[in-house]
Number of protein chains: 2
Amino acid sequence: MKKKKTKQETRKTNTQNWLTPAQMSACTGVSIDTLRYYEKEGLVQPIARAANGHRRYSKADVLWIEVLRCLRDTGMTIEQLRHYCLLGEQGETTEPERLALLQAHRQKVLDSIAKQQEAIKLIDHKMTYYTRTSHSVPPNATKK
Amino acid sequence: MKKKKTKQETRKTNTQNWLTPAQMSACTGVSIDTLRYYEKEGLVQPIARAANGHRRYSKADVLWIEVLRCLRDTGMTIEQLRHYCLLGEQGETTEPERLALLQAHRQKVLDSIAKQQEAIKLIDHKMTYYTRTSHSVPPNATKK
DNA sequence: GCTTGACCTGAAGCGCACTCCAGATTGTAG
DNA sequence: CTACAATCTGGAGTGCGCTTCAGGTCAAGC
């Protein structure tokens, strides 16, 4: 199975259950450098290696990276993510803390959404100055 | 009116229609340093000055800073804000561009909200692992 | 007259999250 | 055999948005 189609197998057709760094990057949208950075920072457990030392990402890694990105994109810091990961590694006794951490973050995201919805209102309001037929309002708007 | 109660007038009771930097900061929640920084970066027109060179913020300035903060807090960069301000200073011929700018930003905020709502879903999903009676799921969750 | 406190200025520094670099290794292709 | 592409490593560099600093002015209080 492994020695029959050397070329296609190891290079092209990735029927494998692992991904190269490049594939991982393409698949998750996270740059190779950032993937390494996350690993170095303890945001992912050490990735499996091939004989030559190259990383071999598993499908589980893909999922985890996606979770990571989701949390990062919503403002969780590297520091907090590291903490969350660490808890995960320490077993299920830390579950309450992990739950609390997620709940806190969830709330932060909700707050952020609320704030942005407020902003939308203000933007809409300001846009009326420009869409209205009358442009009687001076440059820096709210003035006067 | 101005010479009768020198002490109270100039120092304590601010029945004035201007604010000192400290008051401005307290009022808008933006630090004095940041206010100066915004001015230097061209995000606000030069602030009026007292005889001694100290800034005197007007109530219009308060409103403008609030708009600024709203846009900043929703991810508009200093660069973009500067551009927006510049347009404002160039008169009403730039109104279409300012409108477009706001519309683009509005869309970005909407996208961001959508993304965060997605994140909430994922967080909720992950939280069920911890709230459920069974904790059959290993630390880094999605694995296996 | 001296001190204090609020403010001024230009410039340097900081924290975060990447991002890039130099130099080395390794496996396949021509 | 040589060339090339993908990857490796530790460490330095980058960009953004402030924040801090050093040194100075000025008005009021003791």
Side-chain angles (χ1 to χ4, degrees), chain A residues 2-3 5-14 16 18-44 46-57 65 68-83 85, chain B residues 2-3 5-14 16 18-44 46-57 65 68-83 85:
Chain A
K2 270 191 176 176
K3 288 199 169 178
K5 37 173 182 171
T6 335
K7 281 181 193 174
Q8 293 190 345
E9 181 206 85
T10 18
R11 305 235 55 227
K12 282 280 156 80
T13 351
N14 218 329
Q16 247 68 27
W18 46 259
L19 294 85
T20 65
Q23 289 167 337
M24 184 64 172
S25 175
C27 175
T28 60
V30 176
S31 82
I32 294 181
D33 281 316
T34 302
L35 287 169
R36 269 201 295 266
Y37 168 69
Y38 284 172
E39 190 178 346
K40 189 165 62 180
E41 292 299 314
L43 270 47
V44 289
I47 301 298
R49 302 297 181 115
N52 59 7
H54 291 193
R55 287 175 182 78
R56 294 294 176 239
Y57 292 93
I65 288 292
L68 229 49
R69 276 248 60 94
C70 170
L71 295 174
R72 268 296 297 123
D73 287 351
T74 50
M76 191 176 281
T77 66
I78 298 295
E79 177 64 29
Q80 290 169 317
L81 284 168
R82 179 168 29 233
H83 182 59
C85 285
Chain B
K2 271 191 177 176
K3 287 199 169 179
K5 36 174 182 174
T6 334
K7 280 182 192 174
Q8 293 189 343
E9 181 208 84
T10 17
R11 305 236 54 228
K12 281 280 154 82
T13 351
N14 218 330
Q16 247 66 28
W18 47 259
L19 293 85
T20 66
Q23 289 167 337
M24 184 64 173
S25 175
C27 175
T28 59
V30 177
S31 83
I32 294 181
D33 284 315
T34 302
L35 287 170
R36 268 202 294 266
Y37 169 70
Y38 284 173
E39 190 178 346
K40 189 166 61 179
E41 293 299 315
L43 271 48
V44 290
I47 301 298
R49 301 298 181 114
N52 59 7
H54 291 194
R55 287 175 181 78
R56 295 294 177 240
Y57 292 92
I65 288 290
L68 229 49
R69 276 247 62 94
C70 171
L71 295 174
R72 267 298 295 125
D73 288 350
T74 50
M76 192 176 281
T77 66
I78 298 294
E79 177 63 28
Q80 290 168 318
L81 284 168
R82 180 170 27 234
H83 182 60
C85 285

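All chains are named by letter (A, B, ...) in the order of the sequence lines, taking the proteins before the strands, and each is independently numbered beginning at 1.
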statement: In whole angstroms, the gap separating C1' of dT7(D) from CE of M24(A) amounts to 16 Å

Backbone of P21(B) reached by a side-chain donor or acceptor of S25(B) within 3.5 Å: no

message: By nearest atom, which of the nucleotides dC18(D), dC18(C), dC8(D) is closest to the R69(B) side chain?
response: dC18(D)

- prompt: Which nucleotide sits closest to the side chain of Y37(B): dT19(C), dG17(D), dA17(C)?
  reply: dG17(D)

statement: Contacts of E79(B) and H54(B) projected onto DNA chain D by closest heavy atom; the upstream (5') one is E79(B)

- prompt: Do Y57(B) and L35(B) have side-chain heavy atoms sitting under 4.5 Å apart?
  reply: yes

- request: Looking only at side-chain atoms of I78(B), point me to the closest of dT7(D), dG17(D), dA17(C).
  value: dG17(D)

message: Categorize R49(A) for me: base, sugar-phosphate, or nothing, with a 4.0 angstrom heavy-atom threshold over every strand shown.
response: sugar-phosphate

- line: Closest to the side chain of Y38(B), out of dC7(C), dT9(C), dC18(D), is dC18(D)

message: Categorize R36(B) for me: base, sugar-phosphate, or nothing, with a 4.0 angstrom heavy-atom threshold over every strand shown.
response: base

Nearest to side-chain heavy atoms of N52(B), which nucleotide of dA27(D), dC7(C), dC18(C): dA27(D)

message: Could you check whether any side-chain heavy atom of R56(A) comes within less than 4.5 Å of a side-chain heavy atom of L19(A), counting everything from C-beta outward?
response: no

field: CZ on R49(B) to CZ on R55(B), rounded to 0.5 Å
entry: 4.0 Å

task: Report the nucleotide, chosen from dG17(D), dC7(C), dT19(D), that has the shortest atom-to-atom distance to any side-chain atom of D33(B).
output: dT19(D)

